[in-house]
Each structure stands twice: as C-alpha cells, then as structure tokens.
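Lettering of chains follows the sequences in order, A, B, ..., and the numbering in each one begins at 1.
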There are 2 protein chains.
Amino acid sequence: MTIGEFSRLTHLSVRTLRRYHEAALLEPAVVDETTGYRYYGVDQIPAAQVIHRLRELDVPLSDVQRILRTPDPGVRASLVADHLQRLEDVLDRTRTAVVSLRRLLRPDPAPIDVELRAEPARTVAAVEAVVAHRDVTTWYAGAMAELEAAVGAAVTGPPGGSYDNALFEQERGLAVVYLPTAAPPRTGRVHPATLPAAELAVTTHVGEHDDIEVTYGELGTWVVENAMSVAGPVREVYVVGPRDTNDPAAWRTEIGWPVFRVGVVEGGPAAPR
Amino acid sequence: MTIGEFSRLTHLSVRTLRRYHEAALLEPAVVDETTGYRYYGVDQIPAAQVIHRLRELDVPLSDVQRILRTPDPGVRASLVADHLQRLEDVLDRTRTAVVSLRRLLRPDPAPIDVELRAEPARTVAAVEAVVAHRDVTTWYAGAMAELEAAVGAAVTGPPGGSYDNALFEQERGLAVVYLPTAAPPRTGRVHPATLPAAELAVTTHVGEHDDIEVTYGELGTWVVENAMSVAGPVREVYVVGPRDTNDPAAWRTEIGWPVFRVGVVEGGPAAPR
DNA sequence: TCTGAACGCTCCCCCTGGGGGAGAGTCCAC
DNA sequence: GTGGACTCTCCCCCAGGGGGAGCGTTCAGA
C-alpha cells in the first residue's frame, strides 16, 4: 500500500506519516531502496490508529513510541493511565484559570482593602517541608490533619501557613503550616516553631482559593503603589475555612505580605508607621 | 519597576516578558532609549495577570492581544466565551479519544464480522447537505427530526445515512440522511432520493459511537486484506438507535463500505461473488 | 511505446510559545 | 571605583507540524 492510500485509511497526512517514519515511530513495511518509496502493510493500520488517538490526547511522540514498544498490556495501560492523570491536572489548571479570568475581566473590580499590621513573633505548632507548587494542596491536607491530631483542643486560634517565594518563582519551595497553641508538642512531623515578627500588608480573600492568585496580584499592586518592597515569605491565616463551614463562599483567608518601606536603610524590616 | 521585579510580581519569566514586548502584547511603560532597559508600571500588573491566565487556557497570543485591545467588556467576555467553547470541543475530542484508545489497546480484540452484500437501488426520503465533520452530529439531529416529521408512520425501516469520503479526508463533505418509505414526500429540506445499487462490505458496530472509528478501521483492514478497494461514500444504517432504546449499549449500527475487487477492469462496481 | 497526470521523494523555510546560553553593557550599594 | 547582580541583543534549540520548490516514479490510455 502506498503512503497515499495508507494516509487515506488512517486519516494521517502523508507529511505526518513521513515524519513518523523519520522518528522511527511507524516504519513502513517496505522501503524501496532505489526510489525511496514507502509501502505500508494492512497490519500497520491498528498501530497508526493508536498513534492517532494518543496524539489527540497530546501524548508526546516519545511517549507514544514508548507505549507502542511496550508489549505487556498491563504496563501499557498504566503508561496511558499516567498520561490521563496529567490530563486531569491540566483540566484542573484550566478550571481555576477560568475562574480567575472571570474575576479579572469583571468590569468594576472592588478596590482592595489592605491593612498594615505589625505582627509580633510567636511560637506555634508547625509542620514544614520543601514541596512543589502543585502539590501544596495535597501536602497541606496531610500536614494539617497531623497538626490537629497532635494539638487537639489546645488550639488557640485559626490555622495558618507561611510560603516561601521560591514556591511561586521556582515552582518549589519551603512551606510551613501551623496551629497556634500555648505549649506546642513535638510528635511525628509536628514541632514547635517561631514565626518571626514582621510588618505585614494584610488583605482578606473571600471564598474558594480558585482565584486567590488574583487577590495576590491586587495585594502586590498595593504594595508597590505604596512604595514598599516585599521581604520574606508570604503568610496566610485561614480565619474561616473548611474546618469551620462547608460553604466555601463563607471562607476568609488573610494574606499577609512582609513588607518594608523602600529607602529604609540596611533593608531591614520597617518600623510601624 | 525593572523587568526582573515585574517578573517576580507577575510570575512571567523575563524572557516571556521580552517576547510579549516584541509581540506588542504588553509594552513596558518606559523604555530607556540609550540602554534599551524596559521599565514597567504598577498599572500593568492586571494586564499581565490576564495574559497569564489566558495563556494557561492556551489562548493564542494573537487572540490575547485582540481581547486586551477590546474596550467593551461585553465583547471581551464573548471573545473569552468563544475560546471556552473551543475548550469544550477539545474536551469532547479528548473523551472520545480515551474511549477509542481503551478499545484499541484491549489485549484480545474480537475478530470483526464482515458480510459482503449486494444492495439494490432504492428510493427513500432524504435530507442532504455539505457539512463539516465535527458538525455532523448536530446536523444529523436536526435533519432526522425533520425527516420524522415529514414521513411519520409511513416509515418502512430503520434510518440511515451516506457520508462522502471527503468528510473524513478533508473534514468537510456531503452527508445524506434518510428514512425508507414507500412514497417519499417533498417538504422543507426533505426530498425523494435514490440510493444507488452497490456491493457493500457490511459490519455492525455495537454501542455508542464514541469508538466507531475503531470499527471503521477494522472494516478498512478487512477490505484491504480481502483484496478490495473502496468505491464511493460509506453508508450507515441505524438498526437500533436512540429512537428505539435509551440504553446506548444496545445500539446497533451497520456500516457498509461500497467495494470492488481490485483488478476488475474499468474500475466499475464488482459483480457479486 | 510514448505521454501526461497523479503521486512520491528530499530539502528548506515557516508557524506557535517558549528555553538555554554567549558576550557585552548597566545599575547600584559598599 | 569596584564587584555583583541585573539587563541587553543575538543565535540556536525544542515539538509537531504546514507550505512549497524541484525533481523522480508509476501507471493507464492512446
């Protein structure tokens, strides 16, 4: 079967078939030595269909190759499953992008309400780890469960977290979650930790965290507009969260950005104004 | 604000910001004439965020530009909605690709059951149009509704369709749907039409049409293996369909591919064997 | 046996939306 | 004034294709 006939049967363009040959993804059954003509066999149609479908799922050609060369159907299925998991992640990202976009494009965004607050140092029960940005949610759930088990009824306030800037800039960084309590225990990953004193620019994000990036952006704008610079990890306090109510619309998250006035000598933390 | 500071605030890489400048997507507030240094303003953060989100939705840069330059929020919202519609389509495509893939990777596919059948010419009530491949489903629903209204109880068999090869090869081609009836009416788009006699290679697809492409592929393989060539539009007969049962698993679709034996002189239709 | 259309070949450049790195110039605080 | 961090432009790279030039092959009809 010539490349044109094969193309018609598989709905892959002639160009694409040649490319797949070059990539050793789908080699013609016979290649005429003298003319270079490619001839395909009927038995290659299923492989071509598999490739077509995988490409529709945006599986990279290298992965397609790996899948085709895996004889064990079980392993093969798991490779495909891996990719489907990646698709799910993309879908998630897409969903939150849509939510943020709605808010970003809203005709008249309400002006942001920012409070400058001098926060004293305090000791809390904490769990910390270097995590990837996309794993934060999962990690948070586990860490907070462990914290609640360790602290129990001795909790003296809402939970919070501190997230290194590298987490946003390099997609990976130090994250700390904590529960305030009078005498922090030390069990498992839970240990006492000191939150340093800081001058914080604080605003409150309302509702789910889908569009929290937008609030971050507004806070960042405020900080720059007020001639300040950011110093240190961002803090979040889950004033009202899933522990308190099942209605995400009622959630309140305080975002605190450590700041100092631009021009203050030595780059140290600013004195409260 | 230098490009680096702006980069940190928006989570867009310095490189990407420069690219956006080049593309006239997001121009720095000030560009130093002598050094070429780019300086951004605080008021550009929201635009950068919008771009970021749109890019997460895979909106092409040209469309992002169009959206940003549209002052009317209503028009802007509709541009975004258009893209969301496109995302939905991709999602649909992904879903069917997953279903097909499952079947394609099944360890032991049952051998296909093909019958060679000489179909006589017959006259039916038909609706026809040149449609795009992805619009076939929608178009079919409307056409079939009109057919049923026109023919009513005079129906003498299951509905069917005939789909030009161009529909699969060029993504656009002639589609015909019909209902068999003794005296085809002529109202609206409905008119009498003659299905030409043909030698058909017929197989039956079971269930939803998500993975019907796989059955097509198997039929194509059979046709080539049996030394035949395809001649003319493919036919489908909806022996058991949504009109008959709400259980998609019970659907039966006959796929008939007009064939002729390779080597028959003049390329005319084959005599039945 | 010739001829012309249809089809095939390779090679090169183009597109999208980025990333890596070289080599040189600039900014700013000490 | 000096060093380090930052920025500039320029070129090459990636995937996964598409367009087209220029030329060779196949095959059926005359």
query: Got a sec, which pairs hit salt bridge (Lys or Arg N to Asp or Glu O under 4.0 Å) with one end in residues 33-49 of chain B, sequence neighbours left out?
result: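 For residues 33-49 of chain B, and leaving out neighbouring residues, there are no salt bridge (Lys or Arg N to Asp or Glu O under 4.0 Å) pairs at all.
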query: Tell me the salt bridge (Lys or Arg N to Asp or Glu O under 4.0 Å) pairs involving residues 44-53 of chain A, sequence neighbours left out?
result: A:Arg53-A:Glu56
d([atom1], [X]; [atom2], [N]) in whole Å:
X	N	atom1	atom2	result
A:Glu56	D:dA15	CD	P	21 Å
A:Asp63	D:dA15	CG	C1'	12 Å
B:Leu17	D:dT9	CG	P	13 Å
A:Phe6	C:dC7	CZ	P	18 Å
A:Leu54	D:dG17	CG	P	12 Å
B:Glu5	D:dC6	CD	P	10 Å
A:Ile3	D:dT25	CD1	P	17 Å
A:His21	C:dC11	NE2	P	13 Å

query: How would you list, by chain and number, every residue that makes a side chain to side chain donor-acceptor pair (under 3.5 Å) with A:Tyr216, sequence neighbours excluded?
result: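 If we apply the side chain to side chain donor-acceptor pair (under 3.5 Å) test to A:Tyr216, skipping adjacent residues, the hits are A:Glu236.
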field: Residues forming a side chain to side chain donor-acceptor pair (under 3.5 Å) with A:Asp32, sequence neighbours excluded
entry: A:Thr34
For [X], what residues pass the salt bridge (charged side-chain N to carboxylate O under 4.0 Å, His left out) criterion, not counting sequence neighbours?
X	answer
A:Arg86	A:Asp63
B:Arg19	none
B:Arg15	none
A:Glu128	none

task: Let me have a per-nucleotide readout for nucleotides 15-29 of chain C, 5' to 3', with B, S or -, counting only protein heavy atoms under 4.0 Å.
output: --SBBBB---BBS--
- request: Could you tell me whether the side chain of B:Leu101 reaches within less than 4.5 Å of the side chain of B:Leu105, counting heavy atoms only?
  value: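 Yes - at least one pair of side-chain heavy atoms lies under 4.5 Å apart.
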query: Considering only C:dG8, D:dC6, D:dC8, which nucleotide approaches the side chain of B:Arg38 most closely?
result: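 Closest nucleotide to the B:Arg38 side chain: D:dC8.
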statement: What residues 79-96 of chain B contributes to the DNA chain C interface at heavy-atom separation below 4.0 Å is none
query: Considering the terminal five base pairs at each end of the helix from C:dT1-D:dA30 to C:dC30-D:dG1, what angle separates the two local helix axes, rounded to 10°?
result: 20°
query: Do A:Glu213 and A:Arg103 sit within salt-bridge range, that is, some charged N less than 4.0 Å from a carboxylate O?
result: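 Salt bridge between A:Glu213 and A:Arg103, a charged N being under 4.0 Å from a carboxylate O: no.
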message: Under 4.0 Å from OP1 or OP2 of C:dT10: is there any side-chain N or O of A:Arg18 that close?
response: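 For A:Arg18, the contact criterion (side-chain N or O under 4.0 Å from OP1 or OP2 of C:dT10) is not met.
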N/O donor-acceptor pairs under 3.5 Å from side chains in residues 70-81 of chain A, not counting sequence neighbours:
residue	atom	partner	partner atom	Å
A:Thr70	OG1	A:Arg66	O	2.7
A:Asp72	OD1	A:Gly74	N	2.7
A:Ser78	OG	A:Val75	O	2.9

